[in-house]
Asker: 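Please find one structure pasted underneath; my questions will follow.
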Amino acid sequence: MKMIIMGPPGAGKGTQASTIASAAGVPAISTGEIFRRHVAEKTELGTKVAALIEAGEYVPDELTNELVASRLSEDDAQEGFLLDGYPRNPAQVAKLDEILEEMDTELDLALELVLDRETLVERLLGRAKTEGRADDTEEVIRRRMEVYEEQTRPISDIYASRGILRQVDGDGSIEEVAERLAAAISDRSGHHR
């Protein structure tokens with residue numbers, strides 16, 4: 001299965017992504033994790049990325065596309081993968097289409113976690129306190145929500161028009177949400193070409 005998972009900041013995508021990926025036997029590929037690794041290792045890319053993330057803005061497409069393309073060319077991603085945090089806008093959707101076309105394959109499923117904005121803001125403010133994440137002020141969190149809405153909403157529409165979008169209620173315990181996602185996936189793999 002070649003899948004992507006979308007959801008606003010604080011929707012618990014990362015947690016769900018690793019569960020889904022291990023259940024499906026595919027790698028979970030998170031652009032956030034790739035970025036954080038570069039930031040931690042203080043690579044040239046990492047320095048650029050750090051400044052953008054601190055401002056609550058997205059990393060430019062060409063940087064992200066490059067990282068994703070090289071990650072998807074690795075052996076473990078040939079049979080399937082779960083992309084988390086990519087594509088983030090219609091231009092990246094087109095780029096992912098190209099990358100997959102070169103691999104002679106296409107996306108099977110786009111999962112989207114859907115949650116109420118205020119629930120998310122509260123959740124992220126709580127997380128900022130417990131994890132001491134200095135970048136998570138209410139202002140930055142609300143800006144990230146806006147950026148998500150602006151840039152990611154059109155992606156839902158694109159994948160919906162292709163018939164591969166499954167929206168899943170992201171409110172509830174980790175287990176409850178995991179069950180809903182698993183149901184959406186097994187429903188989809190049942191209709192597999």
Side-chain angles (χ1 to χ4, degrees), residues 3-21 27-40 45-46 48-61 63-65 67-68 71 81-93 95-96 107 109-160 165-178 180-181 184:
M3 303 176 277
I4 66 165
I5 186 168
M6 299 181 280
K13 277 199 318 297
T15 309
Q16 296 297 345
S18 48
T19 307
I20 294 168
I29 299 173
S30 150
T31 49
E33 237 160 74
I34 298 173
F35 293 157
R36 279 191 289 276
R37 196 176 70 219
H38 281 273
V39 170
L45 185 70
K48 288 180 194 163
V49 166
L52 292 162
I53 292 173
E54 276 163 29
E57 299 297 334
Y58 279 162
V59 176
D61 287 1
L63 283 182
T64 310
N65 293 338
L67 286 169
V68 172
R71 181 64 187 88
F81 53 78
L82 176 67
L83 269 173
D84 164 15
Y86 184 95
R88 277 205 149 143
N89 57 45
Q92 289 183 358
V93 170
K95 183 64 189 180
L96 180 59
L107 206 59
L109 187 60
L111 296 161
E112 183 179 15
L113 289 172
V114 185
L115 270 116
D116 167 71
R117 184 182 289 201
E118 291 312 310
T119 307
L120 289 166
V121 171
E122 273 169 47
R123 196 184 277 189
L124 283 171
L125 284 170
R127 190 172 83 180
K129 279 197 195 75
T130 57
E131 293 182 15
R133 291 167 73 131
D135 60 338
D136 282 359
T137 62
E138 181 163 354
E139 190 187 356
V140 171
I141 289 170
R142 290 194 181 276
R143 175 67 193 136
R144 280 166 62 201
M145 296 293 168
E146 277 165 27
V147 172
Y148 179 80
E149 285 294 327
E150 287 160 17
Q151 300 197 359
T152 311
R153 190 61 41 225
I155 302 179
S156 289
D157 299 341
I158 293 169
Y159 288 129
L165 181 73
R166 295 288 176 282
Q167 290 184 315
V168 174
D169 178 6
D171 203 11
S173 70
I174 289 173
E175 294 73 24
E176 284 165 341
V177 177
R180 288 177 207 141
L181 286 165

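Starting from 1, each residue takes its place in the sequence as its number. Side chains included, hydrogens not; waters and symmetry mates left out as well; all remaining heavy atoms used.
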Asker: Looking at Arg166, Arg153, Arg180, which hits salt bridge (charged side-chain N to carboxylate O under 4.0 Å, His left out) with Glu112?
Answerer: Arg153
Asker: With a cut-off of 6.0 Å (strictly less than), are more than 12 heavy atoms of other residues, nucleotides or ligands near CD of Glu131?
Answerer: yes
Asker: Carefully, step by step, assess Glu138 and Arg142 under the rule salt bridge (Lys or Arg N to Asp or Glu O under 4.0 Å).
Answerer: CA-CA 6 Å; Glu138 181 163 354; Arg142 290 194 181 276; 3.0 Å; yes
Asker: If you look at every heavy atom in Gln167 and Leu165, which pair is closest and at what distance?
Answerer: CG-CD2, 4.0 Å
Asker: Quick check: closest heavy atoms across Ala28 and Ala17, and the distance to 0.1 Å?
Answerer: CB-O, 4.0 Å
Asker: For Met145 and Leu124, run side chain to side chain contact (heavy atoms under 4.5 Å, CB included): C-alpha distance rounded to whole Å, both residues' side-chain angles, the deciding distance at 0.1 Å, then the answer.
Answerer: CA-CA 11 Å; Met145 296 293 168; Leu124 283 171; 3.5 Å; yes
Asker: Walk me through it: do Thr64 and Gln92 pass the test side chain to side chain contact (heavy atoms under 4.5 Å, CB included)?
Answerer: CA-CA 9 Å; Thr64 310; Gln92 289 183 358; 4.0 Å; yes
Asker: Let me confirm one number: the CG-CD1 distance from Leu181 to Ile20, rounded to the nearest 0.5 Å.
Answerer: 4.5 Å
Asker: When rounded to the nearest 0.5 angstrom, what distance separates CG in Leu120 from CD1 in Ile141?
Answerer: 10.0 Å
Asker: Identify every side-chain donor-acceptor pair in residues 5-16 under 3.5 Å, counting partners at least two apart or on other chains, and give the distances.
Answerer:
from, atom 1, to, atom 2, distance (Å)
Lys13, NZ, Gly7, O, 3.1
Gln16, NE2, Ile174, O, 3.1

Asker: Run the salt bridge (Lys or Arg N to Asp or Glu O under 4.0 Å) test against Arg127 and tell me which residues pass, sequence neighbours left out.
Answerer: none
Asker: Apply side chain to side chain contact (heavy atoms under 4.5 Å, CB included) to residues Tyr86 and Asp61 and explain how you reach the verdict.
Answerer: CA-CA 10 Å; Tyr86 184 95; Asp61 287 1; over 6 Å; no
Asker: Please determine whether salt bridge (Lys or Arg N to Asp or Glu O under 4.0 Å) holds for the pair Glu150 and Arg143, giving the CA-CA distance in whole Å, both sets of side-chain angles, and the decisive distance to 0.1 Å.
Answerer: CA-CA 11 Å; Glu150 287 160 17; Arg143 175 67 193 136; 3.8 Å; yes
Asker: Among residues at least two apart in sequence or on other chains, which ones pass side chain to side chain contact (heavy atoms under 4.5 Å, CB included) with Arg123?
Answerer: Leu115, Asp171
Asker: Once rounded to the nearest 0.5 Å, what's the spacing between atom CG of Leu63 and atom OG1 of Thr31?
Answerer: 12.0 Å
Asker: Would you indicate whether the side-chain heavy atoms of Val68 and Ile29 approach each other to under 4.5 Å?
Answerer: no
Asker: How close do Gly170 and Val177 get, counting heavy atoms only, and between which atoms?
Answerer: O-CG2, 3.5 Å
Asker: Please determine which of Leu109, Leu111, Leu96 meets the side chain to side chain contact (heavy atoms under 4.5 Å, CB included) test together with Ile4.
Answerer: Leu96
Asker: List the steps and the verdict of side chain to side chain contact (heavy atoms under 4.5 Å, CB included) for Phe35 and Leu67.
Answerer: CA-CA 9 Å; Phe35 293 157; Leu67 286 169; 3.4 Å; yes
